Structures are given as structure tokens and as C-alpha cells.
Amino acid sequence: MIACQNIRKSYRTGHGRREVLKGISLTVRKGERVALLGRNGAGKSTLIKQIGGVELPDSGKIVRKMTCSWPIGFNGGFQGSLTGFDNARFIARIYGRSYAEMRGFVEDFTELGGALKQPVKTYSSGMRARLAFALSLAIEFDCYLIDEVILVGDQNFQRKCHHELFEKRSDRAMIIASHDMNTILGTCNRGVVISDGFATVHDDLSEAVDAYSRL
């Protein structure tokens, strides 16, 4: 179970602070696939970053009783001066995984070849996305956090990502922020609509989609 309890988050702007999340409460249980729906800027990505520990909320609490990924495809944690392989080695050490196994997975999945021996700061955005996705999937989690960023790359890479995440890990919990209703309807079983900093939880996914369409 992952439980968000009255999460609030604001950011400094040129006119003071803007509160993006104004008291979000949400519970995700093992095996559930929850859609985060909302207009651009509603706070979907912000909430995913809070759950994944990339950012801390201003107030409130997040309880994690199952392992949780960082946001899929998030590359903000890369060490740019390190090579792709060295970043994989770093993550393997943090999570106590076999570097040899992780290296093999990353090399096969990304198809980046010799570029994995080069510093990540020399990568194009597409190359960074491939590496980020591979590193996210090289570690097994109970719950995966997925943002719209997973839809990068060519169609072949997108198909590979879809198979690796949604088919091979069909028993895992997922929290998915997306505007793609085909992905949402084909993947999720519950929905959360975020608007004006507040969240409305719908156990019926079709109700969540209807509410989102009326925003």
C-alpha cells in the first residue's frame, strides 16, 4: 500500500508562491492501476514526484508499505559526467543488485551500443530517455510511477517499453499520469481527477474519464 495523506506542495514564482497541491489524499493498493487525470499544469507530475521521493511535500505524509519506483523515464538523477554504464553501476550499488545483470539489461534494452561508454551529458534527449527507462525497469518494484514522458522515442522503442512495463509487469501496481485515453482505458482500473490543486478519487474509471472530459 502507498498512502498520500493531505499532501500540499507549492513553488516559488515571481509573484510569491503558487500552491499546486492543496491537500491530496490517495491510497494505492497492491496490483491497482490508478490513472491521474487533469489538465496541463494541474499537478499530476508534481504528485508523482512526491510519491517517488524526487521532491518532498510542504506538508502531509506519504506512507509506503510496498517498494516504489522513481518516476519512469525521470533523468534528473543522472550524473552527467559519468557514462551510461557508470550510472547503471551506481544504481546497482544503491539497490544492492548485480551490476553485471543490470549492465546486460541496459545494453540490450537501450540499443545505445558504444554510447553507453560515453558521458551522459553528451547524450541527446532521446538517448537519455532510453537510458532512463532502462534503468527504471532494471530494478523490480511493487509499484511503478509513470509520467507522460514514457511516450518518447520511435514506435519500435515505444512498443518495447509497453511490452516490458505493461505486459511483463502486469501484476504490479501503477500510478499513471497521461492524457492518452487509450492508454488509460486499456491499463487502469481506478481514476483520480486533479483540478485546482484538489483530487477527486473515482473507483469507477469511466466516471473519472467523464469527470476529466468536463474540466
Side-chain angles (χ1 to χ4, degrees), residues 1-2 28-34 45-56 62-178 183 187:
M1 178 191 75
I2 295 174
V28 179
R29 297 174 180 83
K30 185 176 181 179
E32 288 187 329
R33 295 186 171 190
V34 179
S45 295
T46 297
L47 180 57
I48 280 184
K49 289 177 181 178
Q50 311 303 302
I51 296 173
V54 176
E55 297 179 351
L56 295 176
I62 298 175
V63 178
R64 303 176 184 87
K65 294 188 177 180
M66 56 184 176
T67 59
C68 181
S69 77
W70 57 88
I72 293 291
F74 177 72
N75 57 34
F78 282 151
Q79 295 295 319
S81 60
L82 298 181
T83 68
F85 281 140
D86 286 340
N87 274 276
R89 188 194 307 274
F90 177 71
I91 291 177
R93 286 177 177 172
I94 290 177
Y95 286 93
R97 300 298 197 272
S98 165
Y99 168 62
E101 292 180 5
M102 178 171 283
R103 177 184 172 120
F105 178 85
V106 168
E107 192 167 21
D108 177 68
F109 189 86
T110 63
E111 301 175 359
L112 289 177
L116 289 168
K117 299 178 182 179
Q118 302 300 319
V120 170
K121 63 185 178 182
T122 66
Y123 287 13
S124 67
S125 59
M127 293 166 67
R128 289 172 68 93
R130 285 174 178 256
L131 178 61
F133 203 106
L135 292 176
S136 299
L137 294 180
I139 305 294
E140 295 292 336
F141 296 99
D142 297 322
C143 180
Y144 286 89
L145 306 176
I146 305 164
D147 208 343
E148 200 82 56
V149 71
I150 69 167
L151 300 179
V152 298
D154 58 31
Q155 290 187 352
N156 288 335
F157 186 68
Q158 289 184 27
R159 282 194 291 268
K160 179 186 284 191
C161 293
H162 189 279
H163 173 74
E164 192 70 33
L165 182 59
F166 296 121
E167 296 177 29
K168 292 183 67 174
R169 293 165 177 79
S170 60
D171 60 332
R172 311 302 169 82
M174 296 183 184
I175 302 174
I176 304 174
S178 179
T183 297
T187 305

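In this text the structure is predicted, and so the values were computed from the model without any measurement.
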Between the side chain of Asp171 and the main-chain N/O of Gly31, is any donor-acceptor distance below 3.5 Å?
-> no
N/O donor-acceptor pair under 3.5 Å between Asp142 side chain and Met66 backbone |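 No; zero donor-acceptor contacts below 3.5 Å.
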Provide the closest heavy-atom pair for Ser136 versus Ala132 in the form atom of the first, atom of the second, distance.
->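 Smallest heavy-atom distance, with atoms named: OG-O, 2.8 Å.
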Who passes ring-ring contact (aromatic ring centres under 6.0 Å, His included) against [X], sequence neighbours left out?
| X | value |
| --- | --- |
| Phe109 | Phe105, Phe133, Phe157 |
| His163 | none |
| Tyr99 | none |

So the side chain to side chain donor-acceptor pair (under 3.5 Å) pairs with at least one residue in residues 104-123 (sequence neighbours excluded) are Glu111-Lys160
Using the side-chain contact (heavy atoms from CB on, under 4.5 Å) rule, take Met1 and Val28 through it: C-alpha gap first, then chi angles, then the decisive distance, then the call.
-> CA-CA 6 Å; Met1 178 191 75; Val28 179; over 6 Å; no
Flag the pair [X] / [Y] as yes when at least one side-chain heavy-atom distance between them is below 4.5 Å, and no otherwise.
| X | Y | result |
| --- | --- | --- |
| Val34 | Ile176 | no |
| Thr83 | Val120 | no |
| Ile51 | Cys68 | yes |
| Ile139 | Arg97 | yes |
| Glu167 | His162 | yes |

I need the [X] [atom1] to [Y] [atom2] distance, nearest 0.5 Å.
| X | Y | atom1 | atom2 | answer |
| --- | --- | --- | --- | --- |
| Ile146 | Thr183 | CD1 | OG1 | 9.5 Å |
| Ile175 | Asp147 | CD1 | CG | 11.5 Å |
| Lys65 | Cys143 | NZ | SG | 15.5 Å |
| Arg128 | Ser124 | CZ | OG | 9.5 Å |

Stepwise side-chain contact (heavy atoms from CB on, under 4.5 Å) test for Leu131 and Met127 | CA-CA 6 Å; Leu131 178 61; Met127 293 166 67; over 6 Å; no
Tell me, please, which residues at least two apart from [X] pass side-chain hydrogen bond (donor to acceptor under 3.5 Å, both in side chains).
| X | value |
| --- | --- |
| Ser69 | none |
| Asn156 | Arg159 |
| Glu55 | Tyr11, Gln50 |

Aromatic centroids of Trp70 and Tyr144 separated by under 6.0 Å | no
Is the Phe141 to Tyr95 ring centre distance short of 6.0 Å?
-> yes
Name all residues meeting the side chain to side chain contact (heavy atoms under 4.5 Å, CB included) criterion together with [X]; count only those two or more places apart in sequence or in a different chain, and write none if there are none.
| X | result |
| --- | --- |
| Leu56 | none |
| Arg93 | Arg89 |
| Ser170 | Arg33 |

Start with the C-alpha gap between Leu137 and Leu165, add the side-chain angles, then the distance that decides, and say whether side-chain contact (heavy atoms from CB on, under 4.5 Å) holds.
-> CA-CA 8 Å; Leu137 294 180; Leu165 182 59; 3.8 Å; yes
Quick one: salt bridge (charged side-chain N to carboxylate O under 4.0 Å, His left out) partners of Arg172, sequence neighbours excluded?
->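 In terms of salt bridge (charged side-chain N to carboxylate O under 4.0 Å, His left out), with neighbours along the sequence ignored, Arg172 is linked to Glu140.
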Residues which pass salt bridge (charged side-chain N to carboxylate O under 4.0 Å, His left out) with Lys168, listed by chain and number, not counting sequence neighbours = Glu164
Quick one: do Leu145 and Ile72 satisfy side-chain contact (heavy atoms from CB on, under 4.5 Å)? Show the steps, please.
-> CA-CA 6 Å; Leu145 306 176; Ile72 293 291; 5.7 Å; no
